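Contents: one structure, followed by commentary.
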Amino acid sequence: MARKKIDESRRDFLKTVGVVASASASLTIAPEARARQALATLGPGEVPVTLTINGRRHQLNVEPRVTLLDAMRTRLEITGQKRVCDRGACGACTVIIEGRTYYSCSMLAIEAQGKNIRTVDGLANGSTLHPVQQAFCDNDGLMCGFCTPGFVMATVALLEKNPNPTPEQAKRALDGNLCRCGTNIGVLKAALAVKGGARG
Amino acid sequence: MDNGSRIPASGSRQVAEVQAPARPPQHEKYPWPEKSRLLGTRVSRIDGPMKVSGRAKYSYDIVRPGMLYGRILRSPHAHARLKSIDASAAEKAPGVKALLITIKPGEKVMFPGEEIGALAAATEQQAADALRMIKVEWEVLPALANVEQAMRPEAPQVFTPANTRRGTAQEDGDLAAGFKSAAFTVEGTYSTQVQTHTSLETHGCVCEWNGDNLTAWVSTQAVHGTREGFAQGLKIPQANVRVITEFMGGGFGSKFGPDMQGLLCARLAKAANAPVKLMLDRKEEHLATGNRPSAFAKVKAGVSADGKLTAFDATTWGTGGAGAGSDYPLPYIYVFPNRRRMHTDVYINSGQQRAMRAPGHPQGCFVTEVLMDELADQVRMDPMEFRLKNLPPLAPNAMWAKYFPMGAERINWKSRHVTGDPTPGPIKRGLGCSANRWGGAGTGARAHCEIASDGSVVMRCGTQDIGTGNRTIMAMVVAETLGLEVPQITIELGDSHHPFAPGSGGSTTAAAVMPAMRVTAGKARDALFERIAPQLGVAATEINIGVGEVHVVSPSTPDSSASGQTASRSGQAPILRRVAWRDACKMLGTVPVSVDGQWERGLSAGGTSGVQFAEVEVDIETGITKVKKIVCVQDCGLVVDLKTAETQCHGGIISGVNYGVFEERILDRNTANMVNPNMEWYHMAGQSDIPEIDVVLVDTPERGVIGIGEPPAVATAAAVANAIRNATGVTLRNIPITPDKLLTELERAGGTN
Ligand code: FES
Ligand code: FES
């Protein structure tokens, strides 16, 4: 199962970097070496990338150096997650990938292919807010709101893993996010208010 | 400043508090209701759902068709003269559509990060690549990286006419006599660091031209001020500029105009004939968009044997960067009958200061409050009793004597030990207290209100919600006045096309905008009554507002003029007929009620007071301070939304904790370059560092609305510093109180064992 996945993604990889046309010339090369060679030819120009964000597939062309955050924000207009420090210190860009939080400013778009990426934009069900979003509103866990999407995603990830966190556990889970307005009191209240009630 | 320098010297003054009466006479026509239905309750912010769902579009999020990305070229040097600049390669680089150079050979830069050019390209990556292709040659000049360097007699003269600017001495009483009557004196040098605003949304905008008309989505605290700034900077009529700020990610005093990046963005957009987005990155934000000046104070103060302050003599200085002032109020709050103070602005080669959350006050508060604890120890008095003995008399804007005992109760001040926790073991616990004051009065806001035949209400005002909850409290006041619920009110703000409102600084917004809401909604209500009176077959004076309905009341009731109080009045007059709000509005037909209104006297005031208490635990083996609890007793006149007002206090307190123990702009002493222009080494409290916070908002509705954004940010650092002193027994006269400083001081005081 795991093996098959690797093969598939490698095939996708070769296709996306556009070396298929020259594949016949490299038939004699061992698969690993071929992959490495392909890696070497990736960029510097734009490459096609497929991202699955909030359940929707997006195809786009970006330079390999473009981060997942920038690809979402500047190419797909998915602007819920914010760019604040752009180097993994503040958490405003937090997304959930396969159940784990990631700083999307510190991950390349090409690395995020084939994965299920969740952002704050996809949390609500129409105009019905996710319980965590509702709890942030009810407990005033936001002011300017610029850090809020990151805090909301970190809270969702926490509660999906641990539906009944203690205050200490909740604090630790949110330590990777910074708020300059100082909403942390409301944020913690919100995180603890949805205890056990988070929707999957 | 020296010949060739291109940045203007700003005066030493910071944003002043607006003077207003402490207790205004009540507004005649539209006073605040005696019994309110909504005001003072807990209402969730109305833009919450937009913000938690990512649907709120900030300037940073705006994407326009064909939009380019701008980047600014900045000086890498603190002080240098341009020899040459060659942008020919950059101009031809892939994706580049416009390029501007704003410096000429021979001209100088005065701080690292000073703007010298800009370009716009199709992608951010292309813009960054092209920027690196610009070849710049400098003659690097001697720079001043800190106040010590700038004040040395042999320092190179970097600024004109001098590296320092002496203010005039402030004197009161007879200093010599004051020290003569002192039984004890304390002498010391106190200091506070430079901090940067670090708003999460960086400065910047999106600029789009349509012929000669500019639309700019700007992250600003002042849509109208920024319109004016664009017009002046670009030499175009204000009529041609529209500034939009629907949501913005924090400013804290640093975002009041287009700034250099806004003007460059507009010029790039013009040159490229395409919309341009230019948002600064985190490093640029730290370097070039303002900071709180440092403060130093060499103080000698005297106290009599019975614990009365007698004298205060201070020489103070500080730096607001390259050519900007650094003054702050000192002494703070307490009455020193004989005093003298001389302040000197010191210029160094760093970015200029800007107003930052209660400009000047946290500095003055820290210096004075730590000194107060030291003086109290001299006369062996409880520090709170000592403060109570030396406060100015009680007044609506000076309620500390009442608030100190309230706070003491909540922090369990009784449990306080004298300086130095005698408990064995490495964890030392301590308590400290301090006081704050602020202005928070505002004027000048205008608004426009429409009531349509379907019952919908739109209030437009060219103010902005910078995260304070302005939008929400505006809706609350309108809803209260019209007898409606908050969700029935549409608030439109953050657009210079709306009626003028002042910038959001000095905590003046609530006091400027809420009276405009009350008056304009009141006028709209009266206009509605005039319009529907004929159809109801009564005089307009016989119509009242109920909850979700209008009432026809008995004309004989004395208090039935349409201009009387809303809520109280409807309770008094016998109701003859009830008409649902929608049905009443239906009588308007196609022409809505449409009225203008503005701020009027009698609904807001200025002058707040508050106290804070801190409880800390210090690990004397690691030097790490854990702030356990802050108690805040604070007034702000009439509390509009208890929920958001409390959050304002939380926010101020957390920023005070940062100021006290975490954050500091650190400059390399050789190059004056900032060594922590990021968010990992520029320390701020994370979730685990947040103390328990207990807020007591003292509602004083008779004073009308007063701002609350800044006052709670003033006193926290001082209270924390005093609590650390109480815990450890060592006196740190310098913030932030970081583990290295604490361990050094503990070592000096005899080691940690
Ligand atoms: S923007 Fe990604 S962690 Fe700050
Ligand atoms: S709400 Fe403004 S930064 Fe967190």
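Values in this document were obtained by computation on a predicted structure and should not be read as measured data.
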Which one, [options], leads in non-hydrogen pairs under 4.5 Å with chain A?
options	value
B:D689, B:T647, B:T468, B:I466	B:T647
B:T644, B:D465, B:T202	B:T644
B:R55, B:E124, B:M248, B:R42	B:E124
B:I693, B:I690, B:V657	B:I690
B:D281, B:D61, B:D47	B:D61

### Query
Side chain, backbone, both or neither: which part of A:T74 has a heavy atom under 4.5 Å from chain B?
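Contact with chain B is through both the backbone and side chain of A:T74.
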#### Entry: Under 4.5 Å from any heavy atom of chain B - which part of A:E63
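Looking at A:E63, just its side chain touches chain B.
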Is there a side-chain contact between [X] and [Y] (heavy atoms, below 4.5 Å)?
X	Y	answer
A:R83	B:Y60	yes
A:F136	B:K51	no
A:D140	B:R45	yes

### Message
So, taking the atom named OH in B:Y682 and the one named CG in A:L178, what distance separates them when rounded to the nearest 0.5 Å?
### Response
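Taking OH in B:Y682 and CG in A:L178, the distance rounds to 12.0 Å.
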### Nearest-0.5 Å distance that lies between atom CD in B:E692 and atom CD1 in A:I185
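B:E692 atom CD to A:I185 atom CD1 measures 8.0 Å (nearest 0.5 Å).
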Might you point out which heavy atoms bring [X] and [Y] nearest each other, and give the distance in Å?
X	Y	value
B:V52	A:V120	O-CG2, 3.0 Å
A:C144	B:G250	CB-N, 3.7 Å
B:S53	A:L129	CB-CD2, 4.4 Å
A:R73	B:V63	O-CG2, 4.2 Å
B:K57	A:E77	NZ-O, 3.9 Å
B:Q125	A:R75	OE1-NH2, 4.2 Å

Proximity breakdown for [X] and chain A, heavy-atom pairs closer than 4.5 Å:
X	answer
B:D129	side chain
B:S655	neither
B:P94	neither

### Task
Would you check, one step at a time, whether the test side-chain contact (heavy atoms from CB on, under 4.5 Å) holds for A:N184 with B:I654?
CA-CA 8 Å; A:N184 309 67; B:I654 290 167; 3.7 Å; yes
### Query
Counting distance only, does the side-chain N/O of A:R180 pair as donor-acceptor with the main-chain N or O of B:H197 below 3.5 Å?
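The answer is yes, because a donor-acceptor pair under 3.5 Å joins these two groups.
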### N/O donor-acceptor pair under 3.5 Å between B:Q687 side chain and A:A173 backbone
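Side chain of B:Q687 to backbone of A:A173: no pair is present.
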Between [options], which has the largest tally of heavy atom pairs under 4.5 Å with chain B?
options	value
A:G141, A:C137, A:G80, A:G122	A:C137
A:D121, A:N139, A:T119	A:D121
A:E168, A:K171, A:Q81	A:K171

Under 3.5 Å, side-chain donor or acceptor atoms of residues 84-97 of chain A against the rest of the protein: list the pairs with distances, not counting sequence neighbours.
{"from": "A:R87", "atom 1": "NE", "to": "B:E680", "atom 2": "OE2", "distance (Å)": "2.8"}
{"from": "A:R87", "atom 1": "NH2", "to": "B:E680", "atom 2": "OE2", "distance (Å)": "2.6"}
{"from": "A:T94", "atom 1": "OG1", "to": "A:G91", "atom 2": "O", "distance (Å)": "2.5"}

### Query
Does atom NZ of B:K283 have more than 12 heavy-atom neighbours, drawn from other residues, nucleotides or ligands, at distances under 6.0 Å?
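Not buried by this count: 12 neighbours or fewer within 6.0 Å.
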